[in-house]
Chemist: 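My questions all concern the structure below.
Throughout, protein chains are lettered first and strands after them, A, B, ... in sequence-line order, and every chain is numbered starting at 1.
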2 protein chains.
Amino acid sequence: MNEIPLDAETKALEAPGDHKSDIRLWLRLLTCTTLIEGEIRRRLREQFDVTLPRFDLMAQLDKVPDGMTLGEVSKRMMVSNGNVTHVVEKLVASGHIDRRPAPRDRRVQIISLTPAGRTEFRAMAKVHEDWIADMFAGLGEKDEAALMELLGKTKTSVKTALDGKFGAKEDRS
Amino acid sequence: MNEIPLDAETKALEAPGDHKSDIRLWLRLLTCTTLIEGEIRRRLREQFDVTLPRFDLMAQLDKVPDGMTLGEVSKRMMVSNGNVTHVVEKLVASGHIDRRPAPRDRRVQIISLTPAGRTEFRAMAKVHEDWIADMFAGLGEKDEAALMELLGKTKTSVKTALDGKFGAKEDRS
DNA sequence: GGCAATAACTTTAAGCTTGAAATATTTAAG
DNA sequence: CTTAAATATTTCAAGCTTAAAGTTATTGCC
C-alpha cells in the first residue's frame, strides 16, 4: 500500500501532477536574475547616477548608428510602448538622446544617442561589462557554454508554451 | 603583427578584457526570466485578478502555519521593507492576510494568511504550478537537472562577487 | 476622393519599487 | 536608571511599468 513503484525512473518519486521540481527551477532562475539585476541597478545609480531602464535603452541605441523607432525599442526591450515614451522623455531631457520625426511617416519618432550620450554610455558599458564578468567569474568556460545552451532551450520551450495559446502552427513572420 | 596567438585555448579568440560572452549569457538569462515572469504576471491578472507581488507574498506566508514578521518576508522576497509594507496593506484590505503585533516586541508586526486567503492562494498556486511546468516542458529531466546545477553555481558565483565588495572572509552568520 | 482598418505613439490611472529619512521600541552599557 | 545604539517598520519622493483608451497619421479598398 505504501510501496512506491519504481518503474518510471526518477520521476516515479513524484506524485502524479506534481511539478515541484519545475517550480524550484523557476525560483532559482528568478533568484539569479534578481541578484544580478539588483546589484547592477545599485551600482549604476551609485557610480553613474543612471537608472537601469535608461542604461538599457541607451544600450539598444548604441547598437545602431542612426537611431531607431520607439516601436522597435519597445519590441527589443520587451516593454510597453508607454514605458518607452516615458524613459525616452527623461533621456531627451538629460541630453543623452535626440528625437526626431521620421521623414516619410509622421506617426513615427526616431531616437538616437547624442554624441555626448554615446560617449557617456560607452564609458558606463565598459565598466558594466566587467561587473557582469566578475559575477560569472565562478563559472568555467564549459559551464558557461552549457548554461548558454540550456537557457537557449529554455527560451525556446517558453516561447512554444506561449504560442500554444493561439494554436499557432507556424512561425509568425 | 596581426597574428592571433593560439596558445590559450578558446579564450585566445577574444581580445584581452573582452567579456562579451558573459554579457550574452547575462542577457539570455534575463530574457528567460522576463519572458516567464511577464506571462505569469499577465495570467495571474487575467485569470485571478491578482498581481504577481501579492501572489508572491502569499506564497511566502503559505509556507508557514503561523505567520511571519514583515522583516522576514522582506528578506525572503529580496525586496525593500517599504515595499512589503505597501503590498501588505493591499492584502490586508482585500482580506487575504491578517496582521497583528508580536506578543513580546511591539516594533514587530506578524502577518499570516486568513483561512479564505489560504484557500484562495492554494487554488491559484495549483494552476500556477501547471503554467510553470508547461513553460519548462521542452526540457528533459537531464536538462532540468543540469540547469538547476548550473544556476546553483551561478548563484554562488554572484554572491561571492557581491561579498567581495566588503572583503568578507567568512560567512556572515 | 472618401472611409474603414491599421499602425505608432501618447496619455492616464493604478500599482510596484526603491533608498532615505522618520518613528517607535528594545537592548546594552555604564 | 539613563542613555546611546540597534532594530522593525512606516513614510516619502522619485521613478518604473503596465493595460487600456485616446490621438494622429497612413494604407487599402471602393
Chemist: Can you work out whether A:Arg41 or A:Asp105 has the more 5'-proximal nearest nucleotide on DNA chain C?
Modeler: A:Asp105

Chemist: Would A:Phe55 and A:Phe48 count as a close aromatic pair, with their ring centres under 6.0 Å?
Modeler: no

Chemist: Kindly point out which of C:dA8, D:dG15, C:dT17 is positioned nearest to the side chain of A:Val108?
Modeler: C:dA8

Chemist: With a 4.0 Å cut-off on heavy atoms, is A:Val79 in touch with a base, just the backbone sugar-phosphate, or nothing at all?
Modeler: sugar-phosphate

Chemist: Check every strand shown and say whether A:Glu89 touches a base, only sugar-phosphate, or nothing at a heavy-atom separation below 4.0 Å.
Modeler: sugar-phosphate

Chemist: Just compare D:dA19, C:dC9, D:dT17 and give me whichever is closest to any side-chain atom of A:Thr85.
Modeler: C:dC9

Chemist: To check you understand the geometry: which heavy-atom pair defines the closest contact between A:Gly138 and B:Ser157, and what is its length?
Modeler: N-OG, 2.8 Å

Chemist: Can you say whether a donor on the side chain of A:Arg106 sits under 3.5 Å from an acceptor on the base of D:dA25, or the other way round?
Modeler: no

Chemist: State which of D:dC16, D:dT10, C:dT17 makes the closest approach to the side chain of B:Asn83.
Modeler: C:dT17

Chemist: Here's a test of your reading of the structure: between A:Asn81 and B:Gly82, which maps to the more 5' nucleotide of DNA chain D?
Modeler: B:Gly82

Chemist: Ignoring the backbone of B:Arg107, work out which of C:dT26, C:dT18, D:dT10 is nearest its side chain.
Modeler: C:dT26

Chemist: Among D:dT10, C:dC9, C:dG19, which nucleotide sits nearest the side chain of A:Gln109?
Modeler: C:dC9

